[in-house]
Every structure is written in structure tokens, then in C-alpha cells.
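Have a look at this one before I ask anything.
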Amino acid sequence: MAPPDAMLEVRDLHAYYGKSHILHGVEMQVGEGEIVALLGRNGVGRSTLAKAIMGLVRCEGQILLRGKDVRGLRTFEVAQAGIGYVPENRDIFPTLTVRQNLVLGEKRSRSRQKPRWRLDDMYRMFPRLKEREDTAAGLLSGGEQQMLTLCRTLMGDPDLIIIDEPTEGLAPLVVAQVGEYLKTLKARGISVLLVEQKQAIALDISQRVYVMGHGQIVFEGTPQQLRADARVRQEWLEV
Ligand SMILES: Nc1ncnc2c1ncn2[C@@H]1O[C@H](COP(=O)(O)OP(=O)(O)OP(=O)(O)O)[C@@H](O)[C@H]1O
Ligand SMILES: [Mg+2]
């Protein structure tokens, strides 16, 4: 049984693209305020799990958000229920300015009077966005677009955020800033499901780790346990 404070719980999840059966009974949980990393080699189904949670892929099984099944909801309804999603490909409105993109991400809060995040919080984490706030987002570099996507999702005030490979292809300085962003989320008690390829950042920032192989969870434990488990790393992670 899940602990009562599970923010997200996935039970026996199967996902499909047409006739190809990609996820085979995935079981995982993200606790309240917890950062959980999902690791695995290319093509094992990590992004498919993220998309299934967001209602972007056909699936069977249960996806419980605070105990309530959100499977089968449409993507905007999943977002309204409290899950933010940063997809692999940077997702911005290219003709709108940086500030307009951020404001568009903003959501009127359901229960809170004050929004949890303000533009200034975003600019503090990524000063570069402040410098470029009047620039059309399509003119930003890849790294800047990634910062913008991360921040726009946060402006939607999610309780849980799913981030798919946020550091891929970024310069080391930007990777470090993304690390700061993740630490800010942690400090504010936002739950995070972090899909990563880079073991170093994932193990550094997360409290628990899942490893996926061939559409199933093949390891679950603490970063320390994974570091100590050479067999799992060799079989499922290292190339
Ligand atoms: N739209 C799609 N239609 C058909 N098959 C797909 C589609 N998207 C992904 N797949 C297949 O599903 C499997 C899992 O893909 P997924 O994108 O989940 O992998 P991943 O673990 O995120 O790895 P990576 O991000 O490194 O590619 C792969 O075999 C992939 O080829
Ligand atoms: Mg992927």
C-alpha cells in the first residue's frame, strides 16, 4: 500500500503507441515534497511514462494524484489537477516575448489567495531571462528556451512537476542553474519526478531513484543504494 501522503502513485501501468506495447506494469510513487529520479537507457520508456501521466499516450492501469485517479483525463485537466510537465523538446511560444510566455503560464490559484510563484522568483533563478524579457522567445538560445520552459511550467503553480531531461545538450553553467532551480523546488516543497540520463545530477538531487528497463521498473532505492549496486548500474545504466 502507498503511504497516505503519496502525491503521485502509478499502479500497474501499461502504455501503447498503436499496437506497440511500451510500458509493462509500471509501479512507482512520488511522495509529498519528494524529488524522485527516473533513470534508464535510451528508448526504455521513461518519456512514455511521463506522457502517459499527462494523458498524451493511451494507457491502462491507475495514475493516482493524491489518491484520485487522473488516468483518462485530458492533458489540460491533468495540469489543472496540479501536475506540471516540462517535455523533452522545449515548448515555448516563439513569437511571444519571454515575459509574455511566463505570464501565459500563470494560473489563478484554486485554493490559495496568493500565487506561490512570481515573475521575480523566475528572474532570480535565471537572471538571463530578466535580461531578455522583451525578446521574442524564438530568438533565445537552446539553454535559454529550456530555462523559459521550466519557469513557464512553474508559473502554473503545480504541486508536482514532471521534468524530462532538463539538462540535455546544455552548457555546464546552465546545467548548474537547472540544479539550482531543482533545489528551489525542493526547498518550497514541490514534488518532482525528474527524468534524467545524467546519473550525477539525478543522484545528487533526489531522495529516491527508480531505474527503468524495457518498460518496467528494475530498481527502486535511495541514491546511496544505487551507487552501491554495481550490478544494476552495469546491466541497466552504463553503456
Ligand atoms: N510516438 C511514438 N510512436 C511509436 N513508438 C514510439 C513513439 N514514441 C516513442 N516510441 C517508442 O517507445 C519506446 C520508448 O520511448 P521513450 O521515448 O519513452 O524512451 P525514453 O526512455 O524516454 O528514451 P530517450 O528519451 O532516450 O529516447 C522506444 O522504443 C520508442 O521508439
Ligand atoms: Mg525520453
Side-chain angles (χ1 to χ4, degrees), residues 8-30 35-63 70-76 78-79 83-92 142-143 145-150 152-153 158 160-171 174-175 178-179 181-182 191-203 205-206 208-221 223 226 229 232-239:
L8 176 74
E9 186 182 0
V10 171
R11 288 190 193 159
D12 193 26
L13 196 74
H14 294 256
Y16 309 84
Y17 295 110
K19 280 185 181 155
S20 25
H21 188 170
I22 306 291
L23 299 184
H24 301 266
V26 170
E27 307 263 344
M28 60 124 38
Q29 289 170 27
V30 181
I35 298 192
V36 171
L38 177 62
L39 297 171
R41 290 204 183 102
N42 290 324
V44 295
R46 294 164 306 147
S47 297
T48 302
L49 175 59
K51 289 177 195 165
I53 294 167
M54 294 312 295
L56 294 165
V57 175
R58 183 168 71 84
C59 57
E60 288 160 7
Q62 286 184 305
I63 301 168
V70 298
R71 192 189 64 86
L73 296 187
R74 295 202 282 169
T75 301
F76 77 91
V78 177
I83 307 184
Y85 173 50
V86 180
E88 279 175 300
N89 47 337
R90 283 130 209 184
D91 189 12
I92 49 149
Q145 291 188 6
Q146 179 65 295
M147 297 173 198
L148 182 56
T149 309
L150 290 166
R152 204 195 51 208
T153 305
L160 166 81
I161 186 164
I162 300 174
I163 311 180
D164 199 347
E165 305 227 32
T167 64
E168 217 207 334
L170 300 185
V174 187
V175 172
V178 172
Y181 168 98
L182 293 169
S191 305
V192 178
L193 178 59
L194 175 66
V195 179
E196 256 301 338
Q197 190 80 264
K198 294 192 182 75
Q199 277 187 56
I201 191 166
L203 298 187
I205 197 96
S206 63
R208 284 191 310 117
V209 186
Y210 291 95
V211 176
M212 186 178 271
H214 309 313
Q216 282 178 318
I217 300 299
V218 295
F219 170 90
E220 172 184 355
L226 182 59
D229 197 331
V232 166
R233 284 188 289 112
Q234 233 164 38
E235 187 169 354
W236 300 108
L237 294 173
E238 276 138 31
V239 271

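Atoms within a ligand are numbered from 1 in the order they appear, just like the ligands themselves.
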* K51 N/O under 3.5 Å from ligand 1 N/O ->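 Between K51 and ligand 1 (N or O atoms, distance only) the closest approach is not under 3.5 Å.
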
* To do: May I ask whether G45 has any heavy atom positioned less than 4.0 angstrom from an atom of ligand 1?
  =>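 Contact check G45 vs ligand 1: positive.
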
* Enumerated ligand 1 atoms positioned under 4.0 Å from heavy atoms of E165 ->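 Listed by number with element, the hits are 25 (O).
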
* Which atoms of ligand 1 are found less than 4.0 Å from any heavy atom of S47? ->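 Matching atoms, with element in brackets: 17 (O), 18 (O), 20 (P), 22 (O), 25 (O).
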
* Asked: Is any heavy atom of the protein nearer than 4.0 Å to atom 30 (C) of ligand 1?
  ->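 So atom 30 (C) of ligand 1 lacks protein heavy-atom neighbours under 4.0 Å.
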
* To do: Return the residue, atom name and 0.1 Å-rounded distance of the protein heavy atom closest to atom 26 (O) of ligand 1.
  =>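 Result: N42 OD1, 2.6 Å.
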
* Asked: What residue and heavy atom of the protein are closest to atom 15 (O) of ligand 1, and at what distance?
  ->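 Looking only at protein heavy atoms, the one closest to atom 15 (O) of ligand 1 is T48 OG1, 3.7 Å.
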
* Pull out every atom of ligand 1 sitting under 4.0 Å from any heavy atom of E88, numbered as shown with elements. =>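 Contacts of ligand 1 toward E88, numbered from 1: 25 (O).
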
* Asked: What protein N/O/S atoms sit under 2.8 Å from the Mg ion (ligand 2), by chain and number?
  ->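 Under 2.8 Å from the Mg ion (ligand 2) - ignoring waters, which are not counted - the protein N, O or S atoms are S47 OG, E88 OE2.
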
* Interfacing atoms of ligand 1 (cut-off 4.0 Å, heavy-atom, I22) ->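 What qualifies from ligand 1 is 12 (O), 13 (C), 14 (C).
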
* Asked: N/O to N/O below 3.5 Å, does that happen between S20 and ligand 1?
  ->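 In this structure, S20 places no N or O atom under 3.5 Å from an N or O of ligand 1.
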
* To do: Could you tell me the residue and atom name of the protein heavy atom closest to atom 28 (C) of ligand 1, and the distance to it rounded to 0.1 Å?
  =>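 Sorting protein heavy atoms by distance from atom 28 (C) of ligand 1 puts G43 O, 3.6 Å first.
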
* To do: Considering heavy atoms of the protein only, find what lies nearest to atom 10 (N) of ligand 1 and give residue, atom and distance to 0.1 Å.
  =>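 Closest protein heavy atom to atom 10 (N) of ligand 1: Y17 CE1, 3.4 Å.
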
